[in-house]
Amino acid sequence: MGMLRVLVCTMGRISTFRSYQLILLLAAALAVAAFYYFGSERQNFSSTTKRIKQSQASHNANRNDADLTLDTRLTNPRERGEEDGEDTSSPSDPHFHVLMMFTKIDKSRSLQEKFRVAMLSMVKHGDFLEEEVLVLHFVSDQASQELGQRMLQEVLLDATFQYEVVFHDVVELTHKLFPIVEAMQKYFSAGSGAYYSDAIFFLSVAMHHIMPQSLTRIVQVDLDLKYRTNIRDLFQQFDHFPSGAVLGITREMQPVYRHTFWQYRKENPQTKVGEPPPDGLPGFNSGVMLLDLRAMRASPLYNQLLEPGNVAKLADQYRFRGHLGDQDFFSMIGMEHPELFYALACGWNRQLCTWWREHGYGDVFQLYYRCDGPVYIYHGNCNTAIPDD
């Protein structure tokens, strides 16, 4: 009987010990589960809060927009619910549209760095009203778009304004453009032929035919820029367009067209074509352009100048052959019809390239290069370094 009592007591202690172990194991399991559950919830909440504080979010909008060749959109949290087809760029509308060419960026570290400088400076100085939206359009190939989406997460991180990003497929736009600009390419492209892929460099020339009717104003800019002021202020220049003007653009700040029009200038020694400012016609630089698409659509003169026969007539009249795409076209028709253009102050596109100073035009270079007044946008054309702020 004594042995049985000892055995029973021992078994009871073992049972108690096992129960204690089970309780400890259960408590440990609950602690681990709580840690991962609440920890993951806290992490998600913190990440979301951080993105809101940084005014950032990205997603595929998956919208059906028949007008825009839209691949994907990036927006900040203050998403709008605008209806498709409404006028998105009238003087009273809060949308500010900016377009950049963004092709083959994935193959060039240099272009990637230029884009980063441009966007960071745009964000730094960007200041819009609460209801206003900066709409960034990028004409891109697939590989560059994928890179651009990643880069935009970084460069738009500190944006304090509403924005939207729209990617346009370069292949689709080229398909629409080529029939319109094919005839003019031989006059304004490198080489002697009209290459299908070169058509995209004439986008600004025919954008009023390509973009939806609801889009009435857009600014097209190069990537190699650095902004020193609020880009919103640039849009206010539309209000200064005289009657009949369809495009705002800055003069060329090198003797490029003094050289390009050399034969015409030789035959017409008294001409102002290719002469420096203020009284000459130095041509234009397409690094910053304000396109009044509504005015372009409504201008019989401008649309007549796009016709192949009229392009050929002016090119022959001015003995013109260039290689700078849309810039050459605008410079040529500007010699004949300056009333189509609003001259932006040089500070809105302060070009920094000095190539022609060392290539035969040093004696007159400063007459073209001089730019008095404040600089709003630096343009590091021909890979020229841009000054630090």
Side-chain angles (χ1 to χ4, degrees), residues 89 91 96-100 117-118 121-122 124-128 134 204 217-258 272-293 295-296 324 326-335 337-354 356-357 364-382 384-389:
S89 54
F96 296 79
H97 295 267
V98 177
L99 182 142
M100 301 175 222
V117 169
S121 62
M122 182 189 294
K124 176 182 178 180
H125 296 286
D127 187 17
F128 292 82
L134 178 63
S204 61
R217 288 179 171 180
I218 194 167
V219 171
Q220 181 171 335
V221 293
D222 284 353
L223 290 185
D224 54 347
L225 304 180
K226 185 175 184 179
Y227 300 86
R228 304 183 73 234
T229 193
N230 186 6
I231 194 171
R232 186 184 186 278
D233 297 340
L234 178 59
F235 285 84
Q236 296 179 3
Q237 296 297 310
F238 277 113
D239 298 333
H240 300 303
F241 278 32
S243 178
V246 302
L247 190 144
I249 193 168
T250 303
R251 63 176 174 82
E252 173 60 47
M253 295 182 194
Q254 292 194 94
V256 174
Y257 293 105
R258 186 184 188 96
K272 292 184 178 182
V273 170
E275 285 291 298
D279 299 322
L281 298 171
F284 299 121
N285 183 278
S286 60
V288 176
M289 295 184 289
L290 278 63
L291 305 174
D292 190 332
L293 301 181
M296 293 171 79
L324 298 176
D326 56 355
Q327 176 174 311
D328 285 338
F329 174 76
F330 292 138
S331 292
M332 186 186 75
I333 68 173
M335 303 303 175
H337 298 286
E339 69 274 15
L340 289 172
F341 300 91
Y342 168 66
L344 285 174
C346 60
W348 285 111
N349 178 11
R350 193 2 170 163
Q351 302 136 56
L352 299 172
C353 182
T354 59
W356 287 97
R357 183 174 62 192
V364 297
F365 182 84
Q366 200 59 36
L367 298 176
Y368 295 84
Y369 194 70
R370 179 176 178 178
C371 177
D372 297 324
V375 174
Y376 306 111
I377 301 175
Y378 276 124
H379 184 184
N381 49 335
C382 72
T384 307
I386 297 177
D388 294 329
D389 291 334

Query raised in the report: Got a second to check how far Met122's CE is from Leu234's CG, nearest 0.5 Å?
Result: 9.5 Å
Query raised in the report: Just checking, Arg251 and Tyr369: is the charged tip under 6.0 Å from the six-membered ring centre and within 45° of the axis?
Result: no
Query raised in the report: Under 3.5 Å, side chain of Asn285 to main-chain N/O of Gly287, donor-acceptor pair present?
Result: yes
Query raised in the report: Parallel, tilted or perpendicular for Phe330 and Phe341, by the 30°/60° rule?
Result: perpendicular
**Report entry** Residues Phe235, Arg217; criterion side-chain contact (heavy atoms from CB on, under 4.5 Å); working and verdict
**Finding:** CA-CA 9 Å; Phe235 285 84; Arg217 288 179 171 180; 5.8 Å; no
Report summary line: Residue pairs meeting salt bridge (charged side-chain N to carboxylate O under 4.0 Å, His left out), one or both in residues 273-285, sequence neighbours left out, come to Arg258-Glu275, Arg265-Glu275
Query raised in the report: Just by distance, do the side chain of Gln351 and the backbone of Asn349 share a donor-acceptor pair under 3.5 Å?
Result: yes
Report summary line: Residues Asp326 and Ser204: closest non-hydrogen pair is OD2-OG, 2.7 Å
Requested in this report: Please list, chain by chain and in numerical order, all residues satisfying side chain to side chain donor-acceptor pair (under 3.5 Å) with His337, sequence neighbours excluded.
Outcome: Glu339
Query - Counterpart residues, salt bridge (charged side-chain N to carboxylate O under 4.0 Å, His left out), relative to Lys124 (two or more places apart) - result: Asp389
Report task. Walk me through it: do Glu252 and Ser331 pass the test side-chain contact (heavy atoms from CB on, under 4.5 Å)? Result -> CA-CA 9 Å; Glu252 173 60 47; Ser331 292; 6.0 Å; no
Query raised in the report: Can you name the residues that form a side chain to side chain donor-acceptor pair (under 3.5 Å) with Thr250, not counting sequence neighbours?
Result: none
Report summary line: Correct closest heavy-atom pair for Cys346 and Asp372 would be SG-O, 3.7 Å
Query raised in the report: Looking at Leu247, Ile249, Val246, which one forms a side-chain contact (heavy atoms from CB on, under 4.5 Å) with Leu291?
Result: Leu247
Query - All salt bridge (charged side-chain N to carboxylate O under 4.0 Å, His left out) counterparts of Asp388, not counting sequence neighbours - result: none
Report summary line: Separation between CZ (Arg350) and CZ (Arg228), nearest 0.5 Å, reads 11.5 Å
Requested in this report: Please name the residue in the list Val288, Ile231, Thr229 that meets the side-chain contact (heavy atoms from CB on, under 4.5 Å) test with Tyr376.
Outcome: Thr229
Requested in this report: Check the pair Thr384, Thr354 against side-chain contact (heavy atoms from CB on, under 4.5 Å), reporting the backbone distance first and the verdict last.
Outcome: CA-CA 8 Å; Thr384 307; Thr354 59; 5.9 Å; no
Query - Under the side-chain contact (heavy atoms from CB on, under 4.5 Å) test, residues paired with Arg232 that sit two or more places apart - result: Phe96, Phe128, Leu129, Glu132, Asn230, Gln236
Query raised in the report: Can any side-chain N or O of Gln327 pair as donor or acceptor with the backbone N or O of Phe284 at less than 3.5 Å?
Result: yes
Requested in this report: Hey, could you give me the CG/CG distance between Leu225 and Asn381, rounded to the nearest 0.5 Å?
Outcome: 9.0 Å
Query raised in the report: Hey, which of Leu290, Val375, Asp233 is the one that makes side-chain contact (heavy atoms from CB on, under 4.5 Å) with Trp348?
Result: Asp233
Requested in this report: Just do the side-chain contact (heavy atoms from CB on, under 4.5 Å) check on Val273 and Tyr257 with the steps written out, would you?
Outcome: CA-CA 8 Å; Val273 170; Tyr257 293 105; over 6 Å; no
